[in-house]
Amino acid sequence: MAKKDTIFFCQSCGHESGKWLGQCPGCKEWNTFVEERKMSGKSSAKASISAGNKRTEPTALKEIKIENEERIRTGIGELDRVLGGGIVPGSLILVGGDPGIGKSTLLLQVCQRLSFSGKNILYISGEESLRQIKIRADRVGRFADSLKILCETNLTAVEDIIRKNSPHVVVIDSIQTMYSEDVTSAPGSVSQVRESTALLLTLAKGLNVTIFIVGHVTKEGTVAGPRVLEHMVDTVLYFEGDRHAAYRILRGVKNRFGSTNEIGVFEMQGVGLIEVMNPSEYMLSGKPEGASGSVVACLMEGTRPILVEIQALVYQSNFGLPRRQATGTDLNRINLLIAVLEKRLGLQMSSCDAYVNLAGGLKIAEPALDLGIVMAVASSFKNRAVDDKMIVFGEVGLSGEVRSVSMPSLRVKEAAKLGFNVCVLPNVCLSTLNEEMKGLEGMKLIGVASVRDAIDLI
Ligand code: TYD
Ligand code: MG
C-alpha cells in the first residue's frame, strides 16, 4: 500500500494525528483538526539553533563569552519597559494582535528609532507593497538610511537576504504570509507557520539578529496557528485595545528576558503611535465631579500603579429578574460583591439592576479593585457621592472582610502624585505603610477592616 502523505494538525495546539479526530487529545478542543501535506525531509524544524557555530560539544558555563550583552534600547520607553529594558540581541519576538490595531505601525516606528542609532534594519513585508509602506512611513516621520524595506513572502529568499545583509534587527510582517517551498500546504497553515518560525529561530540564534514577527490573532484571541509558536519564541507581546478608543495597550505575555506583567500604553494619532507616559491621568480624564457611583481605584500592572475610575449605576428594576452588567471587569465578581453587600450590610439590592463600568475601556481582573467596586455600587445605591479626592483599593472576602493587597506604597504614591489626599486601604496594609509614608504628609490614610467600615465613609 502506498504511504499516506497527508497528516492532520490541531489548529489550536499543534497536535499531530494520522487521521481526523473530532476532539483533540492534546487540548480537548473540538473541530480543530485540519488536513495538511506531510513535510519533506529537509524540514528546518529539525535544524539546530546553533547554526553558524560548528561546536556541538557541551560547554562550561564560564567559557561562554557574551560579546554583546548590551540590550538595544528602541527609544520607545513603553516598549522597552515591556521588553524588560530593551531588545536582547538574537531574540525572537512575536507581536500578536487584532487586524488594524497598529502592529505594523508600532514596528515601523521601532525601525524608525533604531535606524537613527546606526543599526542596520530590515523590514520585510508580505502584506503591503513598497508604496503602501512608504505612505505609512511618511505619516510616521523621517527615517535614516540604514532602514531597508523588502516585499517578500518566500522564506528561502528571506533567509538569503538576511544572511547576505546581516542586519541587527529584522521585522517580519506577518508570519502568516511567509511560506517555505519545503512544505506543500498553503501559507498561514499550521505547518507553514511552524516551519517559518523554526527557520527564523535558527537565523536569530545563529546570526545573533533580533527578529520581530507579526502574528495575526484568531477570533479566540490567540495567535493563529499552533500554540507551539508561542513556545518557540523568546518573547510574546500582545497589542490590544478597543477599536473605538484611541489608546492601545502592549502587554507582555511571555518574556525569557524580563517580567511579563508589564504593560506599555500608546495612543493612536494621525502621526502614528504616541507613548502615554502617565496612564492614570489619561484614564481619569473626563471624570465627573460629585457624581454618585463614581470611585477612583488603584490597580497594578506589573510594577506600575494605574488609577482608574469605577462607575456603578444601581436602580430599581422594572423586571422580575434584575439585570447585572459589567464592562471591563468580571461579571461573576460583581455578582459576588453585590451578594456580600446584601448579606453583610443588609442592603436590599436583589430587586435592583446594577451596571458596573471601568471607564477608559481597560479590562482588569485584579482583586484589589473589589473595594472600589463595592463602594461605587453602594454609593450609587444610596445616591450619595464619595469624596472626589479619595482613592480606594483592597480585596473583599466573602465574610465582608477587607484583605491586604500587594505594593500598597506604590499605589498611595501614585495617588498623591495625581493630587488625591485621602486613601482608603486595608487595615492590615497600614502598619507596613506608616514607615514608608513619612514624605507624604498631605495624604490621609484610612485603614478599613471590613466592608462596613468602608461604606460608613460614604
Ligand atoms: P496597522 O499598523 O496597519 O495595523 P495592523 O498592522 O495591526 O493590522 O494600523 C492601522 C490602523 O491605524 C489604521 O486603521 C489606520 C490607523 N493609523 C492611524 O490612525 N494613524 C497613523 O499614523 C497610522 C500609520 C495608522
Ligand atoms: Mg499590518
Side-chain angles (χ1 to χ4, degrees), residues 74-79 82-83 92-116 121-144 147-153 155 158 169-179 187-188 192-193 196-197 200 210-225 229-230 233 235-253 263-276 282 360-361 363:
T74 61
I76 301 178
E78 298 290 302
L79 175 67
V82 178
L83 288 172
L92 192 60
I93 303 165
L94 176 68
V95 181
D98 290 329
I101 204 81
K103 303 180 292 296
S104 306
T105 308
L106 176 70
L107 291 178
L108 197 63
Q109 287 184 273
V110 172
C111 292
Q112 180 190 27
R113 296 293 181 95
L114 289 176
S115 73
F116 284 105
I121 320 290
L122 187 57
Y123 183 95
I124 303 174
S125 178
E127 301 197 332
E128 289 164 310
S129 65
L130 290 176
R131 225 184 80 99
Q132 283 175 304
I133 298 170
K134 174 73 178 154
I135 293 172
R136 187 200 303 275
D138 284 345
R139 291 179 79 170
V140 165
R142 260 172 13 87
F143 284 76
L147 169 68
K148 298 277 183 295
I149 315 280
L150 173 75
C151 290
E152 183 58 79
T153 53
L155 212 57
V158 167
V169 176
V170 176
V171 174
I172 306 280
D173 189 2
S174 67
I175 193 72
Q176 277 89 7
T177 55
M178 297 292 145
Y179 75 94
Q192 281 287 9
V193 167
S196 309
T197 312
L200 293 171
T210 301
I211 304 185
F212 282 93
I213 302 177
V214 171
H216 293 291
V217 298
T218 58
K219 273 207 308 293
E220 289 78 37
T222 52
V223 172
L229 202 64
E230 289 189 8
V233 300
T235 304
V236 180
L237 309 178
Y238 275 102
F239 208 30
E240 51 191 47
D242 196 347
R243 290 280 294 249
H244 310 293
Y247 83 89
R248 306 275 186 271
I249 289 181
L250 187 69
R251 194 181 290 278
V253 177
I263 64 162
V265 185
F266 296 90
E267 187 180 346
M268 183 61 97
Q269 292 186 354
V271 290
L273 291 157
I274 309 289
E275 294 173 64
V276 177
Y282 192 78
K363 288 186 182 56

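We count ligands from 1, going down the list as the structure has it; atoms in each ligand are counted the same way.
Ranking protein heavy atoms by distance to atom 3 (O) of ligand 1, first place goes to R136 NH1, 3.1 Å. The closest protein non-hydrogen atom to atom 17 (N) of ligand 1 is M268 SD, 3.7 Å. Scanning all protein heavy atoms for the shortest distance to atom 2 (O) of ligand 1 gives T105 OG1, 2.6 Å. Of the protein's non-hydrogen atoms, the one nearest atom 15 (C) of ligand 1 is R139 NH1, 4.6 Å. Protein heavy atom closest to atom 6 (O) of ligand 1, with residue, atom name and distance, is S104 OG, 2.6 Å.
No side-chain heavy atom of E127 sits less than 4.5 Å from a side-chain heavy atom of Q176. Counting heavy atoms from C-beta on, the side chains of I101 and R248 come closer than 4.5 Å. Between T153 and P187, the closest side-chain pair of non-hydrogen atoms is not below 4.5 Å. Using a 4.5 Å heavy-atom cutoff, the side chains of V169 and V110 are not in contact.
Each of the following atoms of ligand 1 lies closer than 4.0 Å to a heavy atom of G272: 21 (C), 22 (O). When each atom of ligand 1 is checked for a heavy atom of G102 under 4.0 Å away, the hits are 1 (P), 2 (O), 4 (O), 5 (P), 7 (O), 9 (O). Close approach to P99 involves these atoms of ligand 1, each under 4.0 Å from a residue heavy atom: 8 (O). The contact set between ligand 1 and Q269, taken as ligand atoms under 4.0 Å from a residue heavy atom, comprises 18 (C), 19 (O), 20 (N), 21 (C), 22 (O). Residue contact check: I101 has heavy atoms under 4.0 Å from atoms 4 (O), 7 (O) of ligand 1. Near V271, with a cut-off below 4.0 Å to any heavy atom, the atoms of ligand 1 are 22 (O).
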Carefully, step by step, assess T197 and L92 under the rule side-chain contact (heavy atoms from CB on, under 4.5 Å). CA-CA 9 Å; T197 312; L92 192 60; 4.2 Å; yes

L79 and Q109: CA distance, side-chain angles, deciding distance, side-chain contact (heavy atoms from CB on, under 4.5 Å) verdict: CA-CA 11 Å; L79 175 67; Q109 287 184 273; over 6 Å; no

Go through the steps to decide whether L107 and D173 satisfy the test side-chain contact (heavy atoms from CB on, under 4.5 Å), and finish with yes or no. CA-CA 9 Å; L107 291 178; D173 189 2; 5.9 Å; no

Criterion side-chain contact (heavy atoms from CB on, under 4.5 Å) on Y247 and I249, from CA distance to verdict: CA-CA 7 Å; Y247 83 89; I249 289 181; 3.6 Å; yes

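Not a single N or O atom of E128, backbone or side chain, sits closer than 3.5 Å to an N or O atom of ligand 1.
Residue contacts with ligand 1 include G100, since one or more of its heavy atoms lies under 4.0 Å from the ligand. Under the 4.0 angstrom criterion for non-hydrogen atoms, H216 is not in contact with ligand 1.
For the pair E128 and R136, the salt-bridge criterion is met [side-chain N within less than 4.0 Å of a carboxylate O].
Backbone or side-chain N, O or S atoms of S104 reach the Mg ion (ligand 2) at under 2.8 Å.
Note that atom 13 (C) of ligand 1 has no protein non-hydrogen atoms nearby, at separations under 4.0 angstrom.
Here the options are T105, I274, I76, the test is side chain to side chain contact (heavy atoms under 4.5 Å, CB included), and the partner is F266; only I76 passes.
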